[in-house]
*Asks:* 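The structure's right below; bear with me while I get my questions together.
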Amino acid sequence: WNMASVLVLLVVVIVMFYWYSAENNKRIEAQNRTYAGDSALQTSNRVNDEFRNALSRISTYAYFTGEGLTEPVVTSRMLAGMTTNSLFDEFRFAYADGTYVTSRGNITDVSDREYYIEGMKGEQGIFVTRNSIITGQPSVSFYAPVYYRGEIIGVLLGMYSANEYLQHILSTTYFGEHADVYLCMQDGTVIASSDGESYEGDLLEDFLEIGAFDEAMLAEAKDIFENGGSQTFICKKNGRTDNICVIYNEESDFVLVQSFPQSITQNMIKNANRAGIILEIMLIGLFAVYIVML
């Protein structure tokens, strides 16, 4: 009877260890998804902070540009000089009549552009150029009105190459492994990524093609892109991505997309299970010794 009791107890311990391992795996997966969501939110907030800083910088430049003028004229040479000592890649200026001057001396008409219209109303803001004439890649521009003797004489613009400007902010690692992070427009166009590479096409459609998304997940993600919100999507077990976080940034109207590598979750589960298996083997050994003693 004593030996039978020990054997029954041993079976119960083994079953409990299997149950514990399964529950522990679920806990680690849920924990990583929460962790990934919090990390993505923090990255989105850092992007917001950087945009606020850039808007503050362009407003400061616009103020001192207006204060330093002896006549209501901003030349290409002045813009080039400002670029030399600035964090912006290039400055441009739109006159009140819609004439657009760059630091390289190019002149064009922008009287129908939204940033010109809003800037002449005294507003400041952000806009994205999908294919910059200079870099051939997406660029982020910040604009603010320039005042001369109390009147708006034009709009000053400071431009960044989106990838170079945002890559260090989007760069994210989990336990030494890099995660793919993208900053997108509402139509799915990627303007910057954590690896600094340029992407063409719709990012969400690409996720569908590689199997990270199914049709239902794609529809939910597109709804976030169009109407706002945030959600963490759980990917298939056999893929390279554990989960994908999608966060709509209401302040800037951009969408942050972050993928959490499946390998990180699997390594954490393996390490946790390895410790459990060692403990289980030790207990079985102790049971064997006890049975022999009986």
Side-chain angles (χ1 to χ4, degrees), residues 2-46 170-182 193-195 203-204 206-221 224 229-248 255-294:
N2 287 338
M3 292 185 65
S5 322
V6 171
L7 291 175
V8 171
L9 185 59
L10 177 60
V11 172
V12 171
V13 169
I14 293 174
V15 171
M16 288 183 65
F17 262 106
Y18 274 107
W19 171 82
Y20 168 78
S21 296
E23 292 298 314
N24 194 47
N25 292 352
K26 294 178 182 178
R27 179 189 62 80
I28 291 175
E29 291 173 351
Q31 173 184 289
N32 283 352
R33 288 158 190 165
T34 302
Y35 180 36
D38 290 343
S39 175
L41 181 59
Q42 291 176 9
T43 302
S44 179
N45 291 336
R46 287 201 302 272
L170 299 178
S171 181
T172 303
T173 59
Y174 295 103
F175 308 102
E177 187 167 344
H178 288 274
D180 294 328
V181 186
Y182 310 90
S193 65
S194 57
D195 58 9
L203 180 65
L204 298 182
D206 292 342
F207 284 156
L208 180 65
E209 290 181 8
I210 65 176
F213 275 178
D214 56 26
E215 292 290 347
M217 294 163 66
L218 177 65
E220 292 180 25
I224 294 175
S230 63
Q231 187 170 338
T232 299
F233 296 92
I234 311 305
C235 301
K236 296 179 181 177
K237 294 286 186 183
N238 56 353
R240 60 182 293 269
T241 304
D242 179 75
N243 62 75
I244 295 176
C245 300
V246 180
I247 299 177
Y248 179 85
V255 184
L256 185 83
V257 179
Q258 175 184 277
S259 63
F260 189 91
Q262 180 79 291
S263 57
I264 295 177
T265 301
Q266 293 304 317
N267 288 336
M268 294 178 69
I269 290 175
K270 287 178 182 177
N271 291 335
N273 288 344
R274 186 181 298 114
I277 290 172
I278 292 173
L279 178 61
E280 186 175 10
I281 292 173
M282 293 172 64
L283 285 175
I284 291 174
L286 290 175
F287 271 105
V289 171
Y290 185 56
I291 289 173
V292 171
M293 292 176 63
L294 287 176

*Asks:* How far does CG of Leu208 sit from CG of Leu204, to the nearest 0.5 angstrom?
*Replies:* 9.5 Å

*Asks:* How long is the span from the CZ atom in Phe233 to the SG atom in Cys245, to the nearest 0.5 Å?
*Replies:* 9.5 Å

*Asks:* Looking only at the side chains, is there a donor atom on one of Arg46 and Gln42 sitting less than 3.5 Å from an acceptor on the other?
*Replies:*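 No, because no side-chain N or O of Arg46 sits under 3.5 Å from a partner of the opposite role on Gln42.
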
*Asks:* Is the shortest heavy-atom distance from the side chain of Val246 to the side chain of Glu220 under 4.5 Å?
*Replies:*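 No. Closest side-chain heavy atoms not under 4.5 Å.
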
*Asks:* Quick one: are Ile244 and Gln258 in side-chain contact, heavy atoms under 4.5 Å?
*Replies:* no

*Asks:* Does the side chain of Thr232 come under 3.5 Å of the side chain of Asn243 through a donor N or O and an acceptor N or O?
*Replies:*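 Thr232 vs Asn243: no donor-acceptor pair found between side chains.
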
*Asks:* With a 4.5 Å limit on heavy-atom distance, are the side chains of Thr241 and Phe207 in contact?
*Replies:*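 SC-SC contact between Thr241 and Phe207 ruled out.
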
*Asks:* Can any side-chain N or O of Ser194 pair as donor or acceptor with the backbone N or O of Ala179 at less than 3.5 Å?
*Replies:*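 Side chain of Ser194 to backbone of Ala179: a pair is present.
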
*Asks:* Quick one: do Cys235 and Gln262 satisfy side chain to side chain contact (heavy atoms under 4.5 Å, CB included)? Show the steps, please.
*Replies:* CA-CA 9 Å; Cys235 301; Gln262 180 79 291; over 6 Å; no

*Asks:* Do the non-hydrogen side-chain atoms of Ser230 and Ile224 ever get within less than 4.5 Å of each other?
*Replies:* no

*Asks:* Any idea how Tyr174 and Phe260 line up, ring-wise: parallel (<30°), tilted (30 to 60°), or perpendicular (>60°)?
*Replies:* tilted

*Asks:* Of Arg33, Arg27, Glu29, which is the lone residue that meets side chain to side chain donor-acceptor pair (under 3.5 Å) with Gln31?
*Replies:*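 Exactly one option meets the side chain to side chain donor-acceptor pair (under 3.5 Å) with Gln31, and it is Arg27.
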
*Asks:* Any side-chain to backbone donor/acceptor pair from Asn24 onto Tyr20? Under 3.5 Å, distance only.
*Replies:* no

*Asks:* Mind checking the CD1-OH spacing from Ile28 to Tyr35? Nearest 0.5 Å is all I need.
*Replies:* 14.5 Å

*Asks:* Find the distance between OG (Ser263) and NZ (Lys270) and round it off to the nearest 0.5 Å.
*Replies:* 9.5 Å

*Asks:* Atom CZ in Arg274, atom CD1 in Ile269: separation rounded to 0.5 Å?
*Replies:* 12.5 Å

*Asks:* Is there a side-chain contact between Leu170 and Leu256, using heavy atoms and a 4.5 Å cut-off?
*Replies:*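 In short, these two side chains touch, coming nearer than 4.5 Å.
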
*Asks:* Just how far is it from atom CG of Asn32 to atom CD of Gln266, taken to the nearest 0.5 Å?
*Replies:*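 The distance works out to 10.0 Å.
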
*Asks:* Kindly give the heavy-atom pair with the smallest separation between Ala221 and Phe213, and that separation in Å.
*Replies:* CB-CE1, 3.8 Å

*Asks:* Using a strict threshold of under 4.0 Å (side-chain N to carboxylate O), is an ion pair present between Arg240 and Asp180?
*Replies:*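 A salt bridge is present here (some side-chain N lies under 4.0 Å from a carboxylate O).
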
*Asks:* Counting C-beta onward and ignoring hydrogens, is there a side-chain heavy-atom pair between Val255 and Ile247 closer than 4.5 Å?
*Replies:* no

*Asks:* Would a 4.5 Å heavy-atom cut-off, applied to side chains only, mark His178 and Thr172 as touching?
*Replies:*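 A side-chain contact is absent here, since even the closest heavy-atom pair is not under 4.5 Å.
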
